Amino acid sequence: MPPSKQHMMSRRGFCLCCMAATTVAASGAWLTPRQAFAEARSIVDLIRDDATKAPIKVHRLRGNVSILEGSGGNIAVLTHFDHADGNEWLNAEGAAIIAHENTHKHLLVAQRVEDWDFNFPSSPLPAIPSETFSSEKSMNLNRSTLHLKYYGPAHTDSDISVTIPESDILHCGDTYWNGIYPFIDYSTGGNIDGMIKATVANVAAVTDKTIVIPGHGNPVSNKAELMGYRDMLVAIRENVAKPKQQGRSLDEAIAAKPTAAFDAKWGQFVISPAFFTRLVYQGV
């Protein structure tokens with residue numbers, strides 16, 4: 001099974017692209033997230049159970065930086081950064097958990113992801129970040145500098161990037177989904193324009209030699225692939241905005257196939273062309 005189809009996690013550590021194994025109907029057609037949860041309401045528990053035994057692949061990059069690929073999003077490791085479902089485990093090992101202040105806010109309360117028709121309970125206290133920041137933060141670990149920067153609302157309202165200048169590495173988090181259409185979580189403040197703005201900032205921050213780590217998809221990327229992702233987002237936004245501005249309904253916008261030029265490359269996973277069109281339509 002390709003690596004991109006092995007990812008499993010929970011919300012803020014659980015993303016839509018992790019549901020491939022449970023989103024195929026008897027006919028073999030992809031289900032929408034809402035349909036998938038209707039078919040299997042316990043999918044979150046199943047994914048979390050699977051996380052305890054899923055294999056983890058290590059991709060060594062530069063210096064003392066590696067990527068962990070397995071259960072969840074792509075984790076850049078200097079000491080250990082993780083999506084939030086690993087927070088409790090890391091806390092038990094004595095790790096400090098640092099996040100944007102909005103992440104702290106969301107983890108303290110139950111969250112409803114409307115597009116998935118699912119309610120996530122609040123996280124246990126050991127999983128709550130012990131330190132937060134609002135805009136930017138720099139820190140030194142293992143003779144490396146880590147620069148954390150808030151994007152503003154993009155995939156959610158809590159997205160940050162992590163730059164390691166000594167190794168020339170940029171971790172984009174879930175603002176970048178490499179080779180697959182991204183999920184945009186409007187229920188926690190995400191939007192298509194913010195995704196584009198974040199991606200433009202990512203492109204401006206790297207060179208041809210920079211290693212770019214996406215939140216999901218093939219774990220090791222570069223500027224050229226990141227630029228292709230930006231171009232895809234911009235083009236589809238324009239293609240969806242036109243019919244909406246003309247007063248056309250969502251169904252009419254989907255029928256016009258605004259993603260057609262990109263589907264062969266980007267539309268072959270759980271976020272289908274129709275579903276991604278709906279996400280973009282919602283935000284333009």
Side-chain angles (χ1 to χ4, degrees), residues 4 7 9 11-18 67 69 72-76 81-84 98-103 106 113 115 129 132-137 146-164 168-207 210-237 259 262 265-267 269-271 275-276 279-280 282-284:
S4 63
H7 297 306
M9 67 184 94
R11 184 66 195 125
R12 295 184 186 281
F14 173 109
C15 272
L16 189 59
C17 71
C18 310
I67 296 175
E69 178 192 9
N74 300 318
I75 304 167
F81 286 91
D82 198 357
H83 284 70
I98 303 171
H100 187 263
E101 58 190 19
N102 286 345
T103 299
H106 289 309
V113 179
D115 285 311
T132 64
F133 67 98
S134 60
S135 180
E136 298 186 42
K137 180 180 178 62
L146 277 70
H147 185 64
L148 285 59
K149 187 174 182 179
Y150 177 51
Y151 285 106
H155 163 67
T156 67
D157 66 358
S158 313
D159 301 297
I160 67 171
S161 63
V162 179
T163 302
I164 308 174
D168 195 12
I169 291 173
L170 172 66
H171 197 323
C172 303
D174 284 0
T175 66
Y176 178 28
W177 296 47
N178 189 17
I180 51 179
Y181 287 139
F183 178 63
I184 304 172
D185 189 1
Y186 287 87
S187 65
T188 53
N191 62 79
I192 179 60
D193 288 339
M195 287 287 275
I196 292 173
K197 182 179 178 181
T199 305
V200 169
N202 289 335
V203 170
V206 302
T207 71
T210 304
I211 293 176
V212 180
I213 304 174
H216 296 280
N218 295 328
V220 183
S221 189
N222 53 50
K223 183 175 184 177
E225 291 180 344
L226 185 61
M227 292 172 66
Y229 176 75
R230 175 203 60 193
D231 294 345
M232 176 272 293
L233 292 179
V234 171
I236 291 177
R237 187 207 181 280
T259 66
F262 302 94
K265 179 177 180 179
W266 301 92
F269 203 41
V270 176
I271 305 291
F275 186 62
F276 187 58
L279 291 173
V280 175
Q282 186 175 345
V284 297

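Given the structure is predicted, the values throughout are model-derived calculations rather than measurements. For the numbers below, each heavy atom of this structure counts, side chains included, while hydrogens, waters and symmetry mates do not.
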Take I67 and I75, measure what side-chain contact (heavy atoms from CB on, under 4.5 Å) needs, and give me the verdict at the end. CA-CA 5 Å; I67 296 175; I75 304 167; 5.9 Å; no

Verify, without hydrogens or angle tests, whether H100 (side chain) and S134 (backbone) share a donor-acceptor contact under 3.5 angstrom. yes

Y150 side chain reached by N102 side chain, heavy atoms, under 4.5 Å: yes

Evaluate the side-chain proximity of T207 to D168: yes if any heavy-atom separation is below 4.5 Å, no if none is. yes

Looking at K223, I'd like to know if its NZ atom is crowded, meaning that more than 12 non-hydrogen atoms belonging to other residues, nucleotides or ligands lie closer than 6.0 Å. yes

So, N218 side chain and V220 main chain: donor-acceptor pair closer than 3.5 Å or not? no

Side chains of H216 and N74: do they bring a donor and an acceptor to under 3.5 Å? no

Test item: V284 and I192 side chains (from C-beta on) under 4.5 Å apart, heavy atoms: yes

Is there side-chain contact between N222 and T210, with heavy atoms separated by less than 4.5 Å? no

Give a yes or no on whether the backbone of S158 and the side-chain of T156 come within a donor-acceptor separation of less than 3.5 Å. yes

R237 vs I196, test: side-chain contact (heavy atoms from CB on, under 4.5 Å). Steps then yes/no. CA-CA 9 Å; R237 187 207 181 280; I196 292 173; 3.7 Å; yes

Below 30° counts as parallel, above 60° as perpendicular, anything between as tilted: where do the rings of H155 and W177 land? tilted

For N202 and T175, which I'm curious about, is there any donor-acceptor pair between the side chains at under 3.5 Å? yes

Any idea which heavy atoms bring E69 and P219 closest together, and the distance? OE1-CG, 3.7 Å

State, with a plain yes or no, whether a side-chain heavy atom of L170 is found less than 4.5 Å away from one of I213. no

Calculate, to the nearest 0.5 Å, the distance between atoms NZ and CE belonging to K265 and M232 respectively. 8.5 Å

Would you check if V212 and C172 make a side-chain contact, meaning some heavy-atom pair closer than 4.5 Å? yes

So, do F275 and Y181 sit near enough that their side-chain heavy atoms are less than 4.5 Å apart? no

Kindly indicate whether the side chain of E136, heavy atoms from C-beta on, has any atom under 4.5 Å from the side chain of L148. no

Between the side chains of S221 and Y176, is a donor N or O closer than 3.5 angstrom to an acceptor N or O? yes

I want to know whether W266 and Y229 have ring centres closer than 6.0 Å. yes

Rounded distance [0.5 Å steps], NZ in K149 versus OG1 in T163: 8.5 Å

